[in-house]
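Down below is the structure, laid out as structure tokens.
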Amino acid sequence: MLDKPGNLAVALKYATVANQVGDLEGAISTYEGMLLVDSNLPRVRLELGILYYRLKSYDAARTYLETALQSPTLPADVRKPAEQLLLKMPKQSRSRGA
Amino acid sequence: MSKSNVLVLLLLRGLLVGAAGLALFSTAQAQSRIGVTQATENNPVGKPPGGVDRVLRVGTDVQANEVISTKSEDRAHLVFLDGTTLTIGPNSSLTIDKFVYDPTTQKGELAVNATKGVFRVIGGRISKTSAITVTTPSATMGIRGGIMVVGYTPPSGSSPGLTTSIFVYGNSMIVTANGVSQMVTVPGLSVTTITGGTPGAPTSVQGSLSAALANLAGNKTAAAATLVAIQTLVADNLGNAVTLQALIQAIIIANAPLTLNTTTTTLTNSSNIITVVENPNQTQASPH
């Protein structure tokens, strides 16, 4: 990663494997960086939505799922699962301090 | 997870640690390298200590005490030797005050001083044992094991400077100003601090977080050939519809909300007032 920061294949492989072994922050870091290469990557945004959902960071998850679904280039076959996850999104906590 | 995937990750991490080792123990030039520019939009500028301004490009090394600034359409995404990433939004300026990392113990220290703009920190190995800190003219934020977004608006006219810090995920985010600290452990909550004041109570910030994330992602469109390559890589590496459906079903079940159990505790610690807002189950509100 550090030696080949511009190599998207290495980055994506790292993110995929990091995700699979539970290093969710490592995967998020990589996907967030990819959005600076092209901000309209709905499949990457969908992955971020799923990752933030797994971390129970629901506001962030909702933001990425909604922007992924707004993109007409999101593949049709993954649109339904994404919509399903968005429907299951818990409301963000309204907790506050004293 | 399969053994092959673990092996690949270990190899990738080996590259990371190897790079860290080289940076720390080989040439004088490498010793000053604390990270690298992983992605940019337009022309973010870095100024290493004693050096001159240079535009940060993908692969440009980042050094300790480097000053990094962006204009209205610039963004930069940096990755440090411990895996921490720092995304710098438009109209921002910061100095990397301190970076110390021992790849053997995977411990160290990272401190950033920001004078304007918006930033996201995704903690790497350092943050597992020590808080990564971002200091603005009105507050100091520390993040442990997680992700936070910090924005600082300098004073303008009669409006004082304002720091907004959003806890996105992690063990905790502590905001300190004028001897008072607010600790947040619930993802999505935000703390604002006016320069000269003390941190406000954590509040929910749906709109603010969405806006900040959009601001950090930017509007860049890759060249057509790059885009085709990315889409091919994405199709090859990310799950198909069937596996995605199964994954989503599994995580919906895994994240099924428990009873909301949020506590607010005020502690008095000598002269400091520490407010703790936490949800032990990290459970959010009831589903729709």
Can you tell me which portion of [X] sits under 4.5 Å from chain A's heavy atoms? Options are side chain, backbone, both or neither.
| X | value |
| --- | --- |
| B/Ile251 | both |
| B/Ala214 | neither |
| B/Leu233 | both |
| B/Thr232 | neither |
| B/Leu78 | neither |

For this session: May I ask you to test the B/Ile252-A/Leu85 pair for a side-chain heavy-atom distance under 4.5 Å?
Result: yes
Problem set entry | Minimum side-chain heavy-atom gap B/Leu247-A/Ile50 below 4.5 Å | yes
Quick one: [atom1] on [X] to [atom2] on [Y], what's the gap to the nearest 0.5 Å?
| X | Y | atom1 | atom2 | value |
| --- | --- | --- | --- | --- |
| A/Asp77 | B/Leu244 | CG | CG | 8.5 Å |
| B/Gln249 | A/Gln84 | CD | CD | 4.5 Å |
| A/Thr67 | B/Leu213 | OG1 | CG | 9.0 Å |
| A/Met89 | B/Asn255 | CE | CG | 9.5 Å |

Chain B contact via [X] - side chain, backbone, both or neither, heavy atoms under 4.5 Å:
| X | answer |
| --- | --- |
| A/Ser29 | both |
| A/Glu25 | both |
| A/Leu46 | side chain |
| A/Ala82 | backbone |

For this session: Output the option from B/Arg120, B/Arg57, B/Gln231 having the highest count of non-hydrogen pairs under 4.5 Å with chain A.
Result: B/Arg120
Exercise. Any idea which of B/Val58, B/Ile230, B/Ile122, B/Thr37 has the most non-hydrogen atom pairs under 4.5 angstrom with chain A?
Worked result: B/Ile122
Exercise. Between the side chain of A/Ser57 and the main-chain N/O of B/Val168, is any donor-acceptor distance below 3.5 Å?
Worked result: yes
